[in-house]
Each structure stands twice: as C-alpha cells, then as structure tokens.
Amino acid sequence: MSLRNRVAIVTGAGGGIGEAVAMRLAQAGAKVVIAEVNSTGGRRVEKAMLDCGTDGLFIETDVSVLGDVERLMETTFSRFGRLDILVNNAGVNFVKPTLEVSEAEWDHVLGVDLRGTFFCAQQALRLMLKARQGAIINIASVHATATIPGAAPYAAAKAGVVGLSRALAAEFGPFGIRINCVSPGATATQIWEDAQACAEDPEVFRSYWTRHTALEKIATPMEIAGVVVFLASEEAAYVSGANIVVDAGMTAMLTCRQEKPL
C-alpha cells in the first residue's frame, strides 16, 4: 500500500487514532500535514516524523473555525502543491444526561465532529477537483449505530458523519474522488484510558468492554490506522461510500444478544 509522493492531511493528529494514522501514512511514503488544535501534541508528532526521516508539517488548526480550515488547505497547497488524502479524525466527546446538556456543549461537539468534518472536506474537495482524484476518510464511530445513554450529541454527530460521507461519495465519485468512513469501536486512546481511570472499578470497566466484543479485546490506535491507510491507497480503488466498522464484532454481538451497552 505505497503512498509515495502523496500528500495527506490528518486532523486531530496530535494523539490517539489521529497520531497513529499520521505515522502509518508517513511510513507508507506520504508527506503528512498534522492539523491539530493542541500545539504540544502537534509539534510532538511533527518531531517524531522528522526524527524518522519522513516529511511532516504541523499546522495549528481548529477545525470548527472555517478560517482555520481555509488556512490549513492554503498552507498545505503552498508547501506541497497538491492534496491527495484527507483524514477527518478531529473529534470531541462527553457522556452526560441529555437533559443536562447545554447549548454550548451541543454546539462544541457538533462544531468539531460534524461541522469540522464538512468544512475540511469541502475545502479539500476544491483542491482535489483540480486533479480529479483524491481520497477522503472520515472517522465516525460505532455510536452512529449502537450507542449508550448520555451520548446524544456525539451519537448525533457521528451518525451525521456517516450520512455526510455517503452524500459526498455520490456527488464527487464522477470526479475520481473516493469518500469513505471508518467507525471504530472501543479504542485505547488517551480519552478511553482516562474514562477507564475515572470508573468506579477500572478493571470492571475494561472487562465489560472486552467481553462485549467477539474478539474480546480493545483496539489499539494502530489497528484502526491500518484500515484508514488501506482506504487511502489504490488497494481500495473500488471502495467509496462505505462505512467500515472496526469494532472487533461489538455491534454484531449487541445485535445478536439484544443487549443494551453499559
């Protein structure tokens, strides 16, 4: 799955799944732009790439701000002269009873997770249309199909990402641009580790999620990244409009058992 001489942008690449995707794309030969609101994480990943001899560029970006997104695309094109791959990974989440969710909290989740995905895709498509080729991979979530109480904003946003991806795939497929989704299940990112640490019994928390997957394991960010790199490559040349669920069989188990998740 060589991506030599390809140029990729990964949003939210300062840690977790985004960092893993950025590193895997770089290993496959791509020049990678790290779009991250957290400058500490973004610069750390940029340094890691440069130390490995790969071409990485950090651009501080808040994907919920259209001006930031426009600057991201302009800077990328100015530096590299092209854009082949966009991975919309930036996202925020919280669990809170619906009746307690504020307008600001709702706007923040939808602003980053759905608005950010839309405008990053929109601005990237302007560049990709010139070349009549490109691949966009949007990171959704199993919450789009099997969610938990208290996750209404996040589930709504991620379901929107799936619908958005299908609409864009239908609209831009005739121009040689592929748009797909990846929906991860429980993944050992820092957010997940923090949630486990805050649980009343961290071992029970981890056990619950592992036993509700067919493979009885939590994903590593690199396991999610491998699917993203596949979709970015020519190995997936006939894949567009798809939502690939990467959850170790979690949603299959829930459907089969007709259980509600924790």
Original post:
Can you name the nearest heavy-atom pair linking V69 to C120, along with the distance?
Top reply: CG1-CA, 3.7 Å

**OP:** Dump the intermediate steps for side-chain contact (heavy atoms from CB on, under 4.5 Å) on N5 and K31, then the final yes or no.
**Re:** CA-CA 7 Å; N5 296 324; K31 299 175 175 64; 3.8 Å; yes

**OP:** Would you indicate whether K47, at its atom NZ, is surrounded by more than 12 heavy atoms from other residues, nucleotides or ligands within a distance under 6.0 Å?
**Re:** no

Subject >> Nearest heavy atoms of L83 and I85, plus distance in Å >> reply: CD1-O, 3.4 Å

Original post:
Taking the side chain from T210 and the backbone from R206, do they hold a donor-acceptor pair closer than 3.5 Å?
Top reply: yes

**OP:** Check whether V162 and V142 end up in the same hydrophobic cluster, where Ile, Leu, Val, Met, Phe, Trp and Tyr are linked by side-chain heavy atoms less than 4.5 Å apart.
**Re:** no

Original post:
Is V112 reachable from L66 through a run of I, L, V, M, F, W or Y residues, each pair having side-chain heavy atoms under 4.5 Å apart?
Top reply: yes

Original post:
Can you get from L114 to V37 by hopping between Ile, Leu, Val, Met, Phe, Trp and Tyr side chains that sit under 4.5 Å apart?
Top reply: no

Original post:
Say you draw a straight line from CD1 of I59 to CG of D68; how long is it, rounded to the nearest 0.5 Å?
Top reply: 10.5 Å

Original post:
According to a 4.5 Å side-chain heavy-atom criterion applied to Ile, Leu, Val, Met, Phe, Trp and Tyr, with indirect links allowed, do M23 and I137 form part of one hydrophobic cluster?
Top reply: yes

Original post:
Please walk me through it: do Q27 and V229 pass side-chain contact (heavy atoms from CB on, under 4.5 Å)?
Top reply: CA-CA 10 Å; Q27 290 166 5; V229 174; over 6 Å; no

**OP:** Side-chain contact test, heavy atoms from C-beta onward, threshold under 4.5 Å: evaluate it for N89 versus V228 and give yes or no.
**Re:** no

Subject >> Minimum heavy-atom distance V101-W106, with the two atoms named >> reply: CG1-N, 4.0 Å

Original post:
Nearest 0.5 Å, what's the CG-CE distance between L57 and M49?
Top reply: 10.0 Å

Subject >> side-chain contact (heavy atoms from CB on, under 4.5 Å) between L25 and V87, worked out >> reply: CA-CA 10 Å; L25 288 170; V87 181; 4.3 Å; yes

Subject >> Minimum heavy-atom distance between I218 and E223, given as atom pair plus value >> reply: O-OE1, 4.2 Å

**OP:** Taking S233 for its side chain and L231 for its backbone only, find out whether a donor-acceptor pair lies under 3.5 Å.
**Re:** no

**OP:** Would you give the length of the straight line joining atom OG1 of T76 to atom CD of Q123, rounded to the nearest 0.5 angstrom?
**Re:** 12.0 Å

**OP:** May I ask you to check whether N138 and T117 show a side-chain donor-acceptor distance below 3.5 Å?
**Re:** no

Original post:
Under the 3.5 angstrom rule, does the side chain of D84 hit a backbone N or O of V7 as a donor-acceptor pair?
Top reply: yes

Original post:
Side chains of L129 and F172: does their closest heavy-atom pair fall under 4.5 Å?
Top reply: yes

Original post:
Closest heavy-atom contact between A242 and N180?
Top reply: N-OD1, 3.0 Å

**OP:** Please answer whether the main-chain N or O of G14 pairs with a side-chain N or O of E36 as donor and acceptor at a distance below 3.5 Å.
**Re:** yes

Subject >> Sub-4.5 Å side-chain heavy-atom contact between V10 and I34 >> reply: no

Subject >> Gap between atom CG of L125 and atom NZ of K130 - 0.5 Å precision >> reply: 12.5 Å

Subject >> Distance, nearest 0.5 Å, that separates CD of E100 from CD of E105 >> reply: 9.0 Å

Original post:
Under the 3.5 angstrom rule, does the side chain of D247 hit a backbone N or O of P184 as a donor-acceptor pair?
Top reply: no

**OP:** Before giving the answer on salt bridge (Lys or Arg N to Asp or Glu O under 4.0 Å), spell out for R6 and E234 the whole-Å C-alpha distance, their side-chain angles and the decisive distance to 0.1 Å.
**Re:** CA-CA 11 Å; R6 302 291 180 86; E234 288 304 311; 3.6 Å; yes

Original post:
Has the side chain of R24 got a donor or acceptor atom that lies under 3.5 Å from a matching backbone atom of V227?
Top reply: no

Subject >> Sub-4.5 Å side-chain heavy-atom contact between T54 and V32 >> reply: no

Subject >> Heavy-atom donor-acceptor pair, S240 side chain to I179 backbone, under 3.5 Å >> reply: yes

Subject >> Short side-chain to backbone donor-acceptor contact, S207 and E203, under 3.5 Å >> reply: no

Original post:
Is E70 paired with R126 through a side-chain N to carboxylate O contact shorter than 4.0 Å?
Top reply: no

**OP:** Check whether V182 and I136 end up in the same hydrophobic cluster, where Ile, Leu, Val, Met, Phe, Trp and Tyr are linked by side-chain heavy atoms less than 4.5 Å apart.
**Re:** no

Original post:
Do side-chain atoms of R82 reach the backbone of A131 as a donor and acceptor pair under 3.5 angstrom?
Top reply: no

**OP:** Take T189 and I17 through the side-chain contact (heavy atoms from CB on, under 4.5 Å) test and state the conclusion after the steps.
**Re:** CA-CA 7 Å; T189 62; I17 292 172; 4.0 Å; yes

Original post:
Closest approach of S39 and F58, non-hydrogen atoms and distance?
Top reply: CA-CZ, 3.5 Å

**OP:** Using atom types as modelled and distance alone, determine if a side-chain donor or acceptor of K158 lies under 3.5 Å from a backbone N or O of T145.
**Re:** no

Original post:
Is there a side-chain contact between M73 and I9, using heavy atoms and a 4.5 Å cut-off?
Top reply: yes

Original post:
For the atom pair NE2 (H108) and CG (N93), what is the distance rounded to the nearest 0.5 Å?
Top reply: 10.5 Å

